[in-house]
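In what follows, every chain begins at residue 1, and chains take the letters A, B, ... in the order their sequences are listed.
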Amino acid sequence: MMSERYNAREAEPKWQAVWESRELFRTRNDDTRPKYYVLEMFPYPSGRIHMGHVRNYAMGDVVARYKRARGFNVLHPMGWDAFGMPAENAAMANRTHPATWTYANIATMRGQLKSMGLSLDWHREFATCEPRYYKHQQRMFLDFLAAGLVDRKTAKVNWDPEDQTVLANEQVIDGRGWRSGALVEQRELTQWFLRITHYAQDLHDALDGLDRWPEKVRLMQRNWIGRSEGMLVRFGLDPATAPADETELTCFSTRIDTLFGASFMAIAPDHPLALKLAETDPALARFQEDCRRGGTSEADIETAEKLGYDTGVRVQHVLDPSITLPVFVANFVLMGYGTGAVFGCPAHDQRDLDFARKYGLPVTLVVCPQGQDPSAFAIGTTAYVGEGRMVNSRFLDGMSTDDAWEDVARRLETTSLGTEPVGRRKVNFRLRDWGVSRQRYWGCPIPIIHCEVCGVVPVPVADLPVTLPDDVTFDLPGNPLDRHPTWKHVACPHCAAPARRETDTMDTFVASSWYFARFTDPWREDAPTDRAAVDGWLPVDQYIGGIEHAILHLLYSRFFTRAMKATGHAGLDEPFAGLFTQGMVVHETYRAADGTWVSPAEIRIEAEGADRKATLLSTGAPVEIGSIEKMSKSKRNTVDPDDIIGTFGADTARWFMLSDSPPERDVIWTEEGVQGASRFVQRLWRLTGEIGRIAAPIGSTPPSSETDVALAIRKAAHRALIRIEEDVERLRFNRCVAHVYELANALSAAIGAVTDADRQDELGFAFREAGDILIQLVAPMMPHLAEECWAALGHADLVGLQPWPVADRVLVVEDVITLPVQINGKKRADVTVARNAPAAEVEAAALALDAVQRALEGRPVRKVVVVPQRIVNVVA
RNA sequence: GCCCCUGUGGCGGAACUGGUAGACGCGACCGACUCAAAAUCGGUUUCCGCAAGGAGUGCUGGUUCGAUUCCGGCCAGGGGCACCA
């Protein structure tokens with residue numbers, strides 16, 4: 001017999017054990033059903049799972065369980081993004097080994113994830129710090145190197161002088177290292193780069209085809225790649241002013257239409273010409289030094305004043321050599337973009353205008369906005385960057401900016417400087433190559449050996465993996481691999497001379513750029529992927545994760561997949577066909593009188609509503625209720641999933657995470673919300689008991705005639721079924737939850753309305769059908785409760801093994817419908833008509849209504865709009 | 001500065017391609033059960049109004065028989081990029 005209350009703490013482990021022993025979620029690669037790959041971004045093993053994980057994995061699990069019921073061969077794996085700095089920081093702080101710390105965290109978090117009852121195929125689990133994984137990453141690095149997709153070059157990096165390591169841009173806060181607090185220096189270091197820029201155009205263009213990605217993410221990537229069409233323009237140096245053997249200066253411009261407005265040239269402080277001039281010009285050298293010292297943080301750049309140094313060199317204007325322009329070294333020109341040289345057109349570029357005003361350079365209007373009089377239109381402190389008519393531009397005058405652009409482009413292409421044309425069309429990208437070298441221990445070793453004789457030598461594939469040594473120390477700053485006594489000393493694979501290993505390791509983002517491919521066959525030892533498996537499973541049909549990865553991880557993965565294709569490890573370009581970015585879990589913050597943050601577990605809410613108050617549990621002292629913010633350790637506004645699962649059960653946590661807020665938006669974690677979810681768990685359990693008492697036996701035949709109540713019950717079930725199908729497909733889980741509530745409400749109401757005499761014979765069949773559907777609808781979201789209810793309804797097998805119910809679309813169509821009747825757009829009455837009634841009939845029925853005649857107040861009817869099955873609008 | 005998104009009851013939110021605004025949940029209030037409380041069940045809950053009725057989706061214009069939905073302008077909040085030529 002059913003007990004009164006549903007006991008999640010007993011039921012959940014029980015069903016998890018049943019699923020596991022029956023291998024419900026084990027996925028086979030040789031299954032012939034259509035595939036469906038659903039993946040949530042794998043976690044970093046930071047210690048414990050947080051509510052963000054719960055939300056992310058609850059969503060993915062709904063999709064996985066739903067698709068499984070719909071007959072797909074579902075791949076839903078889990079693993080660990082296990083390399084990275086926190087492990088090394090923990091090692092330094094706690095004198096543990098990063099591996100010890102990492103694997104302990106994985107064990108904890110695996111247990112937590114298992115307690116959520118996720119339908120994961122744990123057989124495919126791996127951690128990226130395992131040699132059996134990173135071995136293949138090293139292999140692909142070598143393949144990329146052979147394919148020309150890896151570069152070794154010097155680059156400016158953020159160098160923390162105290163920790164003696166490179167920092168990522170995100171790790172530099174206000175110009176200081178986030179850990180050490182030391183002022184970060186810019187250093188030229190030789191680094192390994194993955195040539196993501198090789199695919200810049202394709203990564204840009206292919207965004208159009210990612211129609212199941214959020215527009216926001218595509219836009220962010222498009223901006224990040226930063227494609228711009230322009231021209232490389234070669235300016236001849238004025239021989240009278242140029243240093244010996246310097247004859248030309250090339251700049252990149254997207255606004256060659258404004259060339260007649262040019263009043264100066266500007267080059268980057270570290271432009272080759274500037275460096276050369278500085279050799280004989282100490283003042284210039286000092287200026288360059290000042291520029292370099294200028295902060296590199298964004299805040300510094302934002303506020304930096306435009307500074308320039310007139311080199312005395314002049315260039316000849318490309319459209320009229322008799323005009324010469326001064327060449328400035330300017331702090332706002334970047335060597336890393338274009339050619340490190342620009343021509344300045346102050347009237348039509350804000351930076352150039354600021355610069356020109358400061359140094360008294362001419363400002364010539366060459367584009368006049370539509371409808372403005374050029375003689376009256378003056379440039380003040382704001383440049384005009386829009387389109388318009390050309391003025392002050394000789395042969396271009398009167399043209400549109402577009403036409404002028406083409407005209408200039410053709411002229412420059414057909415004019416020569418030396419033996420080459422002056423201008424060449426060029427598409428430039430903002431995207432830079434991906435620097436993957438990290439001076440850290442806890443990462444994938446870069447499989448390279450440096451030999452004095454042979455230079456850079458790849459580690460032979462047969463020697464992979466290059467594994468990390470275990471005996472390392474973290475008591476000193478810097479890279480433990482570099483100061484390890486023996487690890488880096490090896491013989492050159494070519495000449496056998498003493499050589500040394502590369503001691504840099506790869507950025508952790510490399511590991512997360514292909515894990516989704518490895519999941520398709522994580523056991524294969526001789527290659528990163530099995531081509532049949534990877535090409536069969538990919539692309540991921542539905543990828544779910546946080547918006548914070550909109551650029552880095554998602555762009556790197558798109559690049560990596562292309563590089564894997566180029567080197568034969570995969571057969572496609574785009575790894576993720578569908579992407580969903582879920583919102584964060586946020587919570588109120590609480591502060592004690594002394595200003596310290598207080599955790600939700602330490603307080604009590606004293607009064608609800610407008611005069612909501614909180615006090616400290618321990619002392620009763622008042623606590624200030626603060627703003628709602630992302631759950632974070634620093635603000636202490638976190639709720640531990642273990643506590644919630646221990647108190648209410650995983651299903652309650654899952655249900656709450658799916659309800660209320662649309663999944664792409666932030667969800668506010670509230671105690672009331674959890675209580676509400678928990679209440680529904682109990683209510684569904686009671687309702688199941690009541691349905692079970694009325695429901696006909698499994699497999700009963702439908703009665704020969706059906707009462708209105710019975711029909712209504714079945715209609716409600718099928719309506720909910722149809723809506724939930726639609727909404728799960730579109731990941732609108734909050735609406736799925738609402739549909740379940742509606743069905744449960746309808747069934748409760750029907751039970752309340754039936755008399756004892758009605759039961760069994762008349763309603764039994766309807767309640768059997770509707771009850772079974774209700775539980776199957778709940779199953780993807782609250783799987784444990786659903787199993788318990790399914791069994792209570794008399795089923796011997798698991799609801800997790802049931803095929804999805806077949807919706808009866810004919811059943812839900814009503815024969816008689818009620819339409820609103822509006823008069824001049826305001827609703828005044830309802831009219832009930834046959835669903836297929838002709839418009840004329842509907843119109844007549846509507847006009848015959850007393851309420852309509854009253855509302856018309858004798859005015860003549862001018863027009864009647866009848867929208868079939870929707871509305872009637874009377875225009876008077 | 002540039003680009004993008006969002007704005008609906010006390011709260012989270014719903015409303016299909018322009019067709020009954022407020023589904024569903026939370027909170028609140030009233031009632032039933034109870035000695036009492038919890039739990040549960042029933043009811044009310046956009047605002048103004050006793051009612052009839054009127055107003056209402058950030059503000060403001062427009063298109064339309066009809067606008068939360070489409071268009072223009074403005075306001076507020078959030079996010080991304082940031083000297084990218």
Under-3.5 Å N/O pairs linking protein and nucleotides 16-19 of chain B:
from	atom 1	to	atom 2	distance (Å)
B/C16	N3	A/R870	NH1	3.0
B/C16	N3	A/R870	NH2	2.6
B/C16	N4	A/R870	NE	3.4
B/C16	N4	A/R870	NH1	2.3
B/C16	N4	A/R870	NH2	3.1

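- A sub-4.0 Å separation between OP1 or OP2 of B/G13 and a side-chain N or O of A/R665 is present.
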Return all side-chain donor-acceptor pairs below 3.5 angstrom for residues 862-872 of chain A, not counting sequence neighbours, or 'none' if the list is empty.
none

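- For the pair A/N734 and B/A14, the criterion of a side-chain N or O lying under 4.0 Å from OP1 or OP2 is met.
- Taking 4.0 angstrom as the limit, A/R723 places none of its side-chain polar atoms (N or O) nearer than this to OP1 or OP2 of B/A23.
- Comparing B/G25, B/G54, B/C81 by their closest approach to the side chain of A/R828 singles out B/G54.
- Listed by first and then second residue, the salt bridge (Lys or Arg N to Asp or Glu O under 4.0 Å) pairs that reach into residues 658-668 of chain A come to none, sequence neighbours excluded.
- A/V875 comes within contact range of the sugar-phosphate backbone alone, with a heavy-atom separation under 4.0 Å but no base atom that close.
- Taking the centre of each ring, A/F264 and A/Y359 stay at or above the 6.0 Å mark.
- For the residue pair A/T688/A/Y6, the side-chain donor-acceptor check at 3.5 Å is not satisfied.
- Residues meeting the salt bridge (Lys or Arg N to Asp or Glu O under 4.0 Å) test with A/R654, sequence neighbours left out: A/D61.
- Taking atom CD of A/E690 as the reference point, atom C1' of B/C41 lies 10 Å away to the nearest angstrom.
- Taking A/R809 as the reference, A/E725 meet the salt bridge (Lys or Arg N to Asp or Glu O under 4.0 Å) condition, with sequence neighbours excluded.
- A syn orientation is assigned to B/G9, its glycosidic angle lying within 90° of 0.
- Residues that satisfy the salt bridge (Lys or Arg N to Asp or Glu O under 4.0 Å) test with A/K827, not counting sequence neighbours, are A/D830.
- Secondary-structure stems of RNA chain B, taken as three or more successive Watson-Crick or G-U wobble pairs (i with j, i+1 with j-1) under a 3.5 Å distance threshold, comprise B:1-7 with B:75-81, B:10-12 with B:24-26, B:27-32 with B:40-45, B:46-48 with B:53-55, B:58-62 with B:70-74.
- At B/G25, none of the side-chain N or O atoms of A/Y741 fall inside 4.0 Å of OP1 or OP2 (strictly under the cut-off).
- For the salt bridge (Lys or Arg N to Asp or Glu O under 4.0 Å) test, residues two or more places apart in sequence or in another chain that qualify with A/D727 are A/R732, A/R735.
- Sorted by first then second residue, the side-chain hydrogen bond (donor to acceptor under 3.5 Å, both in side chains) pairs that include residues 422-431 of chain A, not counting sequence neighbours, are A/E406-A/R425, A/E413-A/R425.
- In this view, A/T382 satisfies the side chain to side chain donor-acceptor pair (under 3.5 Å) rule with no residue, not counting sequence neighbours.
- Listed by first and then second residue, the salt bridge (Lys or Arg N to Asp or Glu O under 4.0 Å) pairs that reach into residues 221-235 of chain A are A/D208-A/R222, A/E215-A/R222, A/R227-A/E229, A/R234-A/E248, sequence neighbours excluded.
- Within the nucleic acid shown, A/R679 comes within 4.0 Å of sugar-phosphate atoms alone, with no base atom in reach, counting heavy atoms only.
- Of the residues in residues 213-227 of chain A, those lying under 4.0 Å from RNA chain B by heavy-atom distance are A/K216, A/L219, A/M220.
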